[in-house]
2 protein chains.
Amino acid sequence: MNSTKETIKKAAINLFYKKSYFATAMSNIALDSSIRKASIYHHYASKEDILYDILMTTMKELTIYIETCLEGVENIENRMRAAVRAHVKFHCDRQKEVLISDSELRGLTANNYKSFVAQRDAYEKIFQDMIIQGMDQGYFAAGDAKVISYAILTMCTAVAHWFNPKGRLSGNQISNIYEELVVTRLLRESLPLHSFENSVLEEE
Amino acid sequence: MNSTKETIKKAAINLFYKKSYFATAMSNIALDSSIRKASIYHHYASKEDILYDILMTTMKELTIYIETCLEGVENIENRMRAAVRAHVKFHCDRQKEVLISDSELRGLTANNYKSFVAQRDAYEKIFQDMIIQGMDQGYFAAGDAKVISYAILTMCTAVAHWFNPKGRLSGNQISNIYEELVVTRLLRESLPLHSFENSVLEEE
DNA sequence: AAAAATCTACCGTACGGTAGGTAGGCATTT
DNA sequence: AAATGCCTACCTACCGTACGGTAGATTTTT
C-alpha cells in the first residue's frame, strides 16, 4: 500500500482513538500526516471511507490471524485455547484499532455498516461454533451457549480497554491468564459430578 | 428535579446512545425536547454539562444500587453473588446510560473527567476488594486478582452491549446466568486441591 | 508528456453558544 | 387592591468559527 495512505491511516487511528471519530476533523488528520487536507481526498473518498478502511481491515486481519492460529490444532479444548490466546493477543497488539471497531460503528452509513457487521458476525461465529461443539460433545460444561459465547467474547475483547503496553503484564502474559480463565474455569465443569458438592468451599 | 430538565436529559441520553455525543447537536436535543435550543442553556451550562450529568448521575446511582444490594449480606461468596447480580441487572435496566458511560468519556474536559473516573474507580474497588478478600481467605481460587477483577467487571459490564430488552432472556435471567458463571466457575477452584488433577477432563 | 500526487483557495453549511427580549407568576410596597 | 419589581422559563435572531468537501493550478514521478 501507498506509504502516504498508510501515514494518513495511522494518523486517523491515533486521532479516532484519542478523540473519537466525530470529534476528529479532517484538518487534524492532515496536520498529523504532514499533508494538506485536500490531499487526503486523493487517497480516500471521504472521512467515513477512512473509518471504514480501519474497521474492515482490522476485522479481516483479526479473522485471518485467528484462522492461522487454529490451523492444524485438532482437539476442541486446544482449539479453544488457541482461539482465546489469539483473540486476546490481537486485542493487546492492535489495541487502538479494535477499540475504534468497538465504539465508532455509528460513523458508518447503512451499507458500510452492514458489511462490517457481517464480517464481525462471521468472526464471532468461529467462537460460538467451537463452544457449541465442545458442549455437545461433553468437553465443556453445559450451559446457555449463546450467553456463554457473549460472556467469553466480550471479556476477551475488553482486554483492549484496560491493557497498558507499559504495564506490569505483557500481552502474552495476559493471553496466558485468559486462556486459563476461559478454558479451565469458565468452560470446564467445576467439580467432578456428584462428589464433594460444595463442602470445601462453604465453611463459614 | 425540574421536569423540563428531565426531558432534555432523556432526549440527550437517547441521542448520545444512538448517534454518539459528538455527532449529536444541541439543536437535535432541542427538537426532541420540544423546546428551542437556547432554552436548554437555562437548564444546562453547556453540552458537556449534559453529558457530565448523565455520566455522573448514572455512576452514583449504580454505586448506591450495589451498596443497597450488598447490605446485610455476610458471607463473601453471597456478597459476590449479590454484587454480580446487581451489576448485571443495572446494566440491563440502564443500558443506554451505561453504554454512554463506557464510550463517551472523551467528551469530558480534564476536571469533569477526573471526578467521573474517581467515582468509577471507587465503584470498581468494591469488586476488587471482594475478590482479593475472597482469594486471601481461600474462598475463591487463587490467581492474579487484578486481572480477574478486570475480567469479571468487563464481562458483566459488556452485557449492556448485547442485551436486547425484547430478546429471549430477561435482565433477571441473564443476571442469574452471570452470577453462576462468575461465582461457581470463574472464582471457584475447578477441582478440590491435589486430588483428581485433570484426569477426568483431559481424555482425548 | 502523461499520470500521479499534492497544493492553495474557497464554498456552503451547521455547529455551540450568546444577546437580548417577552410572558407570566409571585412577592413586596404604596 | 393596584402598582412595582423581580424571577423563572422560555423565545427569536444572530455571531464567529470550523467543518467536510471541491475546483483547479502546480509540482513530482514515471
Side-chain angles (χ1 to χ4, degrees), chain A residues 1-57 100 103-113 116, chain B residues 1-57 100 103-113 116:
Chain A
M1 191 193 294
N2 184 311
S3 153
T4 304
K5 192 169 181 178
E6 284 237 308
T7 305
I8 294 167
K9 190 170 170 179
K10 272 179 191 155
I13 289 171
N14 282 316
L15 287 164
F16 293 170
Y17 169 70
K18 212 188 316 175
K19 304 172 41 145
S20 96
Y21 173 69
F22 287 110
T24 299
M26 290 300 264
S27 57
N28 300 144
I29 300 174
L31 203 69
D32 284 13
S33 311
S34 305
I35 214 179
R36 300 305 139 210
K37 188 180 66 165
S39 308
I40 294 177
Y41 290 87
H42 180 73
H43 302 278
Y44 286 103
S46 65
K47 189 185 173 189
E48 184 189 341
D49 197 32
I50 304 178
L51 178 64
Y52 183 70
D53 183 22
I54 294 168
L55 297 184
M56 208 58 176
T57 306
I100 296 167
S103 58
E104 303 293 4
L105 267 59
R106 287 165 301 185
L108 297 177
T109 44
N111 281 345
N112 283 341
Y113 180 82
F116 175 79
Chain B
M1 190 193 293
N2 184 311
S3 154
T4 304
K5 193 169 181 179
E6 284 235 310
T7 305
I8 294 167
K9 190 170 170 179
K10 271 179 192 157
I13 289 171
N14 282 316
L15 287 164
F16 293 170
Y17 168 70
K18 212 190 316 175
K19 307 175 36 147
S20 96
Y21 172 69
F22 287 110
T24 299
M26 290 299 265
S27 56
N28 300 145
I29 300 173
L31 203 70
D32 285 14
S33 311
S34 306
I35 214 180
R36 301 304 140 211
K37 188 179 66 166
S39 307
I40 295 177
Y41 291 88
H42 179 73
H43 303 278
Y44 286 103
S46 65
K47 189 184 172 190
E48 184 189 340
D49 197 33
I50 304 178
L51 177 64
Y52 183 70
D53 184 20
I54 294 169
L55 297 183
M56 209 58 176
T57 306
I100 296 167
S103 58
E104 303 292 6
L105 269 60
R106 286 165 301 185
L108 297 177
T109 44
N111 280 347
N112 283 342
Y113 180 82
F116 175 79

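Here the structure is a predicted model, which means the values were calculated and not measured. Lettering follows sequence order; numbering is per chain, from 1.
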S.K.: Rounding to a whole Å, what distance do you find between Ile40(B):CD1 and dC11(D):C1'?
M.R.: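 Answer to the nearest Å: 13 Å.
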S.K.: Does dA4(C) have OP1 or OP2 sitting under 4.0 Å from an N or O in the side chain of His43(A)?
M.R.: no
S.K.: Could you run through nucleotides 15-26 of chain D and give me one letter per nucleotide, 5' to 3': B if any protein heavy atom sits under 4.0 Å from the base, S if only the sugar-phosphate is that close, - if neither?
M.R.: ----SBBBB---
S.K.: Taking Ala45(B)'s backbone N and O only, do any of them form a donor-acceptor pair with Asp49(B)'s side chain (distance below 3.5 Å, no angle check)?
M.R.: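 Yes, the answer is positive, given that a donor and an acceptor are paired below the 3.5 Å cut-off.
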S.K.: Which residue in the set Lys47(A), Lys9(A), Lys10(A) passes salt bridge (Lys or Arg N to Asp or Glu O under 4.0 Å) when paired with Asp53(A)?
M.R.: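 By the salt bridge (Lys or Arg N to Asp or Glu O under 4.0 Å) criterion, Asp53(A) pairs with just one of Lys47(A), Lys9(A), Lys10(A): Lys9(A).
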S.K.: How would you list, by chain and number, every residue that makes a salt bridge (Lys or Arg N to Asp or Glu O under 4.0 Å) with Arg106(B), sequence neighbours excluded?
M.R.: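 Salt bridge (Lys or Arg N to Asp or Glu O under 4.0 Å) check on Arg106(B) returns Glu104(A).
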S.K.: Between Thr4(A) and His42(A), is there a side-chain heavy-atom distance shorter than 4.5 Å?
M.R.: no
S.K.: Does the side chain of Leu108(A) come within less than 4.5 Å of Tyr52(A)'s, by heavy atoms?
M.R.: yes
S.K.: Any side-chain heavy atom of Met56(A) within less than 4.5 Å of one from Asn112(A)?
M.R.: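 Met56(A) does not reach Asn112(A) side chain to side chain.
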S.K.: In whole Å, I'd like the distance from the CD1 atom of Ile35(A) to the C1' atom of dT28(D).
M.R.: 13 Å
S.K.: Tell me the interatomic distance from Arg36(B), atom CZ, to dC11(D), atom P, rounded to whole angstroms.
M.R.: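 Value for this atom pair: 5 Å.
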S.K.: Would you mind telling me which of dT8(D), dC7(C), dA4(C) lies closest to the side-chain atoms of His42(B)?
M.R.: dT8(D)
S.K.: For dA5(C), does either OP1 or OP2 sit under 4.0 Å from a side-chain N or O belonging to Ser39(A)?
M.R.: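 No.
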